[in-house]
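I have placed the structure first, in the form of structure tokens, so that the comments after it can refer back to it.
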Amino acid sequence: MLKPLSEKQQNPAIMPSIFSLELSDLENWLSEIKEPKFRAAQIYNWLYEKRVTSFEEMTNLPKGLREKLEETYHIHPMKEVARQESSDGTIKFLFELQDGYSIETVLMRHDYGNSVCVTTQVGCRLGCTFCASTLGGLKRNLLAGEIVSQVLQVQRALDATEERVSSIVIMGIGEPFDNYDGLIKFLKVVNHDKGLNIGARHITVSTSGIVPYIYKFADEGMQINFAVSLHAPNTEIRSKLMPVNRMYPMNELMDSIRYYIKKTGRRVSFEYGLFGGVNDQVEHAEELADLIKSVKCHVNLIPVNYVPERDYVRTPKNQIFKFLETLKKRGVNATLRREQGHDIDAACGQLRAKERQEETR
């Protein structure tokens, strides 16, 4: 089992975020301070429809309530430290949090709409050997409201062109299931029809394979899309790429995935990064097909982005297509992820590693 996070990592000494509150939480707080519950819907409207950045702008609230909100909750936007824009429309943001730590958020443009990739932790403690997010280890979990705020920051940027965030992927810095409570609270806020109203089937959460939380997530009864970072066809290669596999070996991982599918009736997506000479040969594709042959799933093949701090190289294009064709011939539903942000620091954690070296040493 993963060791519990320290108190500081779980509960940072910062002001609570108003965006962490579900509508029912807000109603309960209003009752506690002897304010009518209907104010909760008004506050939600200001937060998620009008997207204000101060409580003072909530002009239909009594002045005393606005002052109480200001005293109790943080509402101010995260500070934008850096922004990189790709020729394909991808934008990577580096935001600074209340306590000075930084996180990345990415806007990706697709034919079907605008997707936001959000971060759930400052850093990561799982140590995947191909990922820049783990550089410097884990500093702390994000508050649910800090995850919500990332979506709002991107939505405000899109407001200028009257565009909308249409989907969310939780695949940024950090392991979402290592911040499980914050993750679930975030999902409920952004999915609420008075919140950001992002449909559950337009939200995808990804895990590296923390088995106990896969069972727990299956029991939540949410219609959220679920992805697992697999990256290997067998437990030996996976343990070299992903230390989490030593805590939760592949056979246990696959058992939890089968439980998830049986419990929810939904398929699982397997994220499979191709690393040159490591996991990208035809025999690896055959082995992968055998591993998942009885699983209701889709395989998303990912040509890896080069990370200067890591030693992995990209798989040649002809080898990528051989791998893909091998899976398809074996009846596996597989696609090749469209590359985005190739001309910026696209790999997860790269921009933070460049701009905030003191956090990632």
Side-chain angles (χ1 to χ4, degrees), residues 2 5 9 84 90 92-95 101-106 108 116-142 147 150 169-179 183 204-210 213 227-233 235-248 250 253 269-280 299-315 337 339-342 344-361:
L2 283 174
L5 296 180
Q9 288 172 319
Q84 291 184 339
T90 301
K92 175 171 272 196
F93 300 87
L94 187 69
F95 295 126
Y101 283 132
S102 58
I103 57 169
E104 293 179 355
T105 307
V106 183
M108 298 170 289
V116 178
C117 180
V118 297
T119 284
T120 53
Q121 296 179 301
V122 181
C124 183
R125 62 173 173 159
L126 297 191
C128 295
T129 59
F130 50 82
C131 184
S133 298
T134 66
L135 298 170
L138 175 66
K139 306 305 181 186
R140 69 169 175 88
N141 279 339
L142 294 188
I147 312 174
Q150 295 171 62
V169 292
I170 302 102
M171 296 183 183
I173 295 172
E175 162 55 55
F177 282 179
D178 200 23
N179 183 10
L183 168 70
T204 302
V205 61
S206 176
T207 180
S208 61
I210 303 184
Y213 284 112
V228 176
S229 295
L230 191 63
H231 301 314
T235 201
E236 291 76 24
I237 294 177
R238 194 166 194 267
S239 289
K240 291 175 183 176
L241 291 170
M242 305 176 71
V244 70
N245 194 71
R246 299 167 200 163
M247 287 179 279
Y248 306 111
M250 188 173 278
L253 174 63
S269 289
F270 288 116
E271 306 290 318
Y272 193 101
L274 292 163
F275 303 95
V278 177
N279 66 347
D280 61 347
V299 175
N300 192 14
L301 294 178
I302 308 164
V304 297
N305 288 303
Y306 173 68
V307 177
E309 297 85 356
R310 304 303 193 185
D311 296 327
Y312 297 110
V313 297
R314 290 174 68 90
T315 297
R337 178 183 286 181
E339 290 188 71
Q340 290 184 272
H342 64 90
I344 58 176
D345 293 309
C348 190
Q350 265 192 300
L351 181 56
R352 175 172 171 261
K354 179 197 288 187
E355 298 290 335
R356 293 296 180 94
Q357 294 182 16
E358 70 279 5
E359 287 182 31
T360 57
R361 287 195 184 98

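The first residue in the sequence is number 1, and the count goes up from there.
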So Gln121 and Leu138, side chain to side chain contact (heavy atoms under 4.5 Å, CB included) or not? Walk me through it.
CA-CA 7 Å; Gln121 296 179 301; Leu138 175 66; 3.7 Å; yes
Within the 4.5 Å heavy-atom criterion, are [X] and [Y] side-chain neighbours or not?
X	Y	value
Pro176	Ser206	no
Met171	Val106	no
Glu175	Thr207	yes
Ile170	Ile147	no
Ile237	Val278	yes
Phe130	Val304	no

Test of understanding: with salt bridge (Lys or Arg N to Asp or Glu O under 4.0 Å), list the residues that count as partners of Arg140, not counting sequence neighbours.
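Arg140 satisfies salt bridge (Lys or Arg N to Asp or Glu O under 4.0 Å) with Asp99, Glu146 only.
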To the closest 0.5 Å, what do you measure between NZ (Lys139) and CZ (Arg125)?
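With rounding to 0.5 Å, NZ (Lys139) is 14.0 Å from CZ (Arg125).
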Decide yes or no on side chain to side chain contact (heavy atoms under 4.5 Å, CB included) for His231 and Arg238, but give the supporting numbers first.
CA-CA 7 Å; His231 301 314; Arg238 194 166 194 267; 5.8 Å; no
Among Val244, Leu253, Asn245, the one residue meeting side-chain contact (heavy atoms from CB on, under 4.5 Å) with Ser208:
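Among Val244, Leu253, Asn245, the one that satisfies the side-chain contact (heavy atoms from CB on, under 4.5 Å) with Ser208 is Val244.
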Can you sort out the partners of Phe177 under ring pair (Phe, Tyr, Trp, His ring centres under 6.0 Å), two or more places apart, ordered by chain and number?
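Per chain and number, Phe177 pairs via ring pair (Phe, Tyr, Trp, His ring centres under 6.0 Å) with Tyr180, Phe217.
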